[in-house]
Structure formats: structure tokens, C-alpha cells
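Below is one structure, written out as C-alpha cells, with a few remarks after it.
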Protein chains: 2
Amino acid sequence: MQSFTEENYIKAIYKLIEANGNTVSTNSIAEKMNTKAASVTDMLKKLYTKKLINYKKYQGVTLTTKGEKTALNIIRKHRLWEMFLVEKLDFKWDEVHDVAEQLEHIDSDKLIEQIDKFLNYPKVDPHGDPIPDAKGKLNVTKSQVLSKFNKNDVCVMTGVVDHSPSFLQYLDKSGINLGIEIQIKDVVLFDRSLQITINKNTAIFISNEVAKNILVIKKNYKKNSLKV
Amino acid sequence: MQSFTEENYIKAIYKLIEANGNTVSTNSIAEKMNTKAASVTDMLKKLYTKKLINYKKYQGVTLTTKGEKTALNIIRKHRLWEMFLVEKLDFKWDEVHDVAEQLEHIDSDKLIEQIDKFLNYPKVDPHGDPIPDAKGKLNVTKSQVLSKFNKNDVCVMTGVVDHSPSFLQYLDKSGINLGIEIQIKDVVLFDRSLQITINKNTAIFISNEVAKNILVIKKNYKKNSLKV
DNA sequence: ATTATATTTTAGACTAGCCTAAATTTTATT
DNA sequence: AATAAAATTTAGGCTAGTCTAAAATATAAT
Ligand SMILES: [Mn+2]
Ligand SMILES: [Mn+2]
Ligand SMILES: [Mn+2]
Ligand SMILES: [Mn+2]
């Protein structure tokens, strides 16, 4: 069994690898964990003796199979709890993160399996992030950021990059939620800001910065897909 | 804000006072917390500086108003979580305690108020223990142990004294649950074991030790009560 | 009223996690 | 290739919470 602190380090390492590929540096962990590099080095030694990470001095860090399984289990719990809070307790998607940061450390297999069942085995969390299954299997998402698409493209929103409350609240206020259909009506060349419609309603403007934080899947990509 | 450890000490002190009256000794806290007296003394100094307990060297301990409020809030959370586990996640009453010991430390007012609402504001937990309200108000229970009653008395079961899984499982197996009507058919003078009926069914025997751990309220005590 | 026993506190030490400052190693730049 | 800069690790120290052993105090027994 790991301490809360160890679990948070493992999750941080997992997310850094997911975001930036292969190995991860001491400094980047320190930044993500809001600690100092010296503290990270101490913890890396400990995680190494517990066989959770591969670590050689000055060489950066990767997760072992055991470490990755551990990380995915924490992420599974985090996302299921977020889903529970939104679906059952009327939390907004910008309110769940801090509570889930605590709940993800509760140690009870039965609890998390029952929560999963209670929610009817959801595939994604309130932010569109995939929920690993009990064996640690994670569906890879093929979403892309909205800013990559062009005039007249039609997409469905599937997630967000930035998870901050302020960004999520801005999306709420703008009527931008998971599942909406977004059509790009115009792209301003100067700053790549977008004019879009949501579910074919009146158009709104969003900045390129916003578009870079909205994940979508392009609609009607396959010729033989259903046109509704 | 308190650490998990501090919260557990405060709850232990509250329960010892509740069980044994007025002040509580260093040794009794050590026993309940599975620590040594020296560790308790250290913690008492800390809780005193935080104004959570009244403490003078060698004189025993009581809770301040602030300490009692803290204790009741932790107990509120513990019991609401137990209720949630039983009512919504199909846990048995003997399975909830260890998980609730973890969940009671989750820090979120909104979470616990929403859980309360989700459960429709229950008054007692799965073991019949009263749930303090958000202001820390606790309904005093007038239940008594079944062993105090006599032949032909009719009671309703309202709670348990012993909360151990083995005792709770024994009760399950014997059909003894909260809300059942218990009639004392016979009392064996030699060992004060009881022959009882449950909801007027065929009689079973229980030991005095078991009867001392079952809480009940006597039925039809008032002459003008409803006879169903 | 002394003495003996039990309880509680203090003293000193340990681990987990964190820090700053200094030393080491790697990487980048001339 | 030599040097400068950046990244990382080590050294030493701090707090929370724990322990054992010893000292102090309170309680019980003569
Ligand atoms: Mn989150
Ligand atoms: Mn999420
Ligand atoms: Mn309990
Ligand atoms: Mn209970």
C-alpha cells in the first residue's frame, strides 16, 4: 500500500509521461507537485526501492508496469468519483476536481466497483476523459483540438485540455458543453480566432487560445457514416 | 484545519467521554488509538494549543466547545457515509465501518450536505446511531439494552452496542435487524439467557452477552399508545 | 504517614516528507 | 575542447507523529 503522497507522485509522473512522452525530469515533477527538486529526488529513491519507477541518477524516470497499474487505478478512482459527484450529487464540472483529489485515495476495491456499477459503468468522466477499467485498460481517445480544424468543418465536442474552473465556467457561460455540435463558420487569419455555431444556433466568437483547449472529433469523416 | 490524526484523536476523546463520563485519561486514549501513552501526551499538548481540549498535566482531558463541534462533525460524516454505503451501494452493515473511517476525513462541506440530501436527511445510521445535523445537534437516544427487560416485555430494536463485524454478522444470521419487534418469552435465571420471538415468529435463544449488546425501546409503554 | 504501585510526562530517537544551500553531473555555448 | 549554465543530487535540518526508557506525579496499600 502507498501513502497519499506516494500516490500523488505516481499520478504526476504518469500524467507527465502521457503529456510529454518517454522519460520525465526531476524538475518537471517538482513543478507539477509544487515541491522542490531535492524533495523529488528523495521520493524517486523511495519509489524506486518499491519498484514503482525505473530510475537511474540524472537519467530521468519512467513508470514500471506496477507503477503504471497503480497510476491508472488512481486515475480510475478520480474520474469515477468526479462522475459520481456530477451525476448523483449535482456538482458542476468545475467543482469536482478538488474533492476528487481527496476521494481518489480512499482504499476499498468494493467501494469503487460499486460506484462504477451505481453509475452504470461510464466510459468517460465529466470532462470527457476516459475512465480506465478495473484491469487498468484505458481507451485511447482520437480527439483533436478544435484549433486544428478549418472553415466549414463540423465537429462534436468530446473533452477539454485545460481543466481549470475558470475555463470550465467560461465554457458553461458560452453554452459549450460535451456533446455539442460545433461548426466552424469562419477563421480569422490574423489571430486564428473562430466564429462557430453550437448545435446550429447563432454564431459566437472564440479565441484561438480557447479553441486550443477544446477537444473534438470531426463529424462525417467517413463517406458511409450516418447523416442525421 | 486538522490532520487525519488529530481528527481521530478528537473523535476518540469524544467517544470515551460519551461512554465513561466527564474526563478521560491518557491511558484510555492510548488504548483506543492503539498508540502509547507518550504519544498521546504529545498530541494532547498540540490539541490544547489548538484550543480543542481542556488539559492540565496529570488531570485528564475534556473537549472544548470547539473540540466537541469538531468531533460531532466527524461523526456526522462517518454516519452519513455509512448510510450512503448501505442505502446506495449495497454494503452490509458489517462492511461499512473501515471505509467510513477513511471517508469521514474528506474535507468538503458541499459534499456532505449533498450526501445528506441524496439520502433524504436520515436520522440514524445503519447501526441505529443518531446522525448529528449540520449544526452539530445530536438526538439523544432513550434506548436501553435488551438484557434489562423481563419476561413478556415487547420491544423494538433500535441499535447495537458492539459494532464488530462478527457480532453484526451473527445478528444477521439470527434474523435480528433494526426495527424488528422482540418479545421476551422466557428468561433463564441461571445465566440470564433469553428466549425471544422476532416479529412474532418461532422463538430463538440468545445469550445474556448478546442481549447486553442489543439496544431496544419498550413497546406500549404509554397506556394511550396505538396498538397495531 | 510511609511505602509501593500505577499513571503520566519527559527525554531522546526514529521515519516520512519537506526545505535550503552546496556539491556534482549533464547539457549548452563558445 | 574548454567553459558556462542548467539540472540534479547530496548534506544537513525541520515538523508531525511515533516509539522506548527513565523521571515525575498521583493513587493505593500498608
Ligand atoms: Mn479532476
Ligand atoms: Mn476529470
Ligand atoms: Mn462505524
Ligand atoms: Mn455506525
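Reminder, nothing fancy here: chain letters follow the sequence lines and each chain counts from 1. Computed over heavy atoms, backbone and side chain alike; hydrogens, waters and symmetry mates excluded.
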What string of B, S and - do you get for nucleotides 18-24 of chain C, 5' to 3', if B is base contact, S is sugar-phosphate-only contact and - is no contact with any protein heavy atom under 4.0 Å? BBB---B
Phosphate OP1/OP2 of C:dT9 contacted by B:Tyr48 side-chain N/O (<4.0 Å): no
Residue pairs fulfilling side-chain hydrogen bond (donor to acceptor under 3.5 Å, both in side chains) with at least one residue in residues 1-11 of chain A, sequence neighbours excluded: A:Glu6-A:Lys46, A:Glu6-A:Lys50, A:Glu7-A:His105, A:Asn8-A:His105, A:Lys11-A:Glu101, A:Lys11-A:Glu104
Show me the donor-acceptor pairs, under 3.5 Å and distance only, between side chains in residues 28-35 of chain B and residues at least two apart or in other chains.
| from | atom 1 | to | atom 2 | distance (Å) |
| --- | --- | --- | --- | --- |
| B:Ser28 | OG | B:Ser25 | N | 3.3 |
| B:Ser28 | OG | B:Ser25 | O | 2.8 |
| B:Ser28 | OG | B:Ser25 | OG | 3.1 |

Residues within residues 14-26 of chain A bordering DNA chain D, heavy-atom distance below 4.0 Å: A:Ser25, A:Thr26
Identify, with sequence neighbours excluded, every residue that meets side-chain contact (heavy atoms from CB on, under 4.5 Å) alongside A:Glu87. A:Met83, A:Leu119
Between D:dA16 atom P and A:Phe4 atom CZ, what is the distance in whole Å? 19 Å
Can you tell me how far P of D:dA6 sits from CG of A:Asn27, to the nearest Å? 12 Å
Residues 207-215 of chain B, side-chain donor-acceptor partners within the protein, below 3.5 Å, at least two apart:
| from | atom 1 | to | atom 2 | distance (Å) |
| --- | --- | --- | --- | --- |
| B:Ser207 | OG | B:Glu209 | N | 3.4 |
| B:Ser207 | OG | B:Val210 | N | 3.1 |
| B:Asn213 | OD1 | B:Asp162 | N | 3.2 |
| B:Asn213 | ND2 | B:Glu209 | O | 3.0 |

In whole angstrom, what separates B:Lys57's NZ from D:dA23's C1'? 11 Å
Here the distance between atom C1' of C:dT10 and atom OH of B:Tyr55, to the nearest Å, is 11 Å
Within this structure, what is the CD-to-P distance between B:Gln59 and C:dT8, rounded to whole angstrom? 11 Å
Partners passing side chain to side chain donor-acceptor pair (under 3.5 Å) against B:Ser193 (at least two apart in sequence or in another chain): B:Asp191
Listed by chain and number, what are the side-chain contact (heavy atoms from CB on, under 4.5 Å) partners of B:Ser174, not counting sequence neighbours? B:Tyr170, B:Ile176, B:Ile204
In short, side-chain hydrogen bond (donor to acceptor under 3.5 Å, both in side chains) pairs touching residues 115-125 of chain B with sequence neighbours left out are B:Arg76-B:Asp116
Under 3.5 Å, is there a donor-acceptor pair between the side chain of B:Gln102 and the main chain of A:Asp107? yes
Roughly, in whole Å, what's the span from CD in B:Glu31 to C1' in C:dT8? 16 Å
Without swapping roles, check the side chain of A:His127 against the backbone of A:Trp93 for a donor-acceptor pair under 3.5 Å. yes
Whole-Å distance, B:Lys56 NZ to C:dT7 C1', equals 19 Å
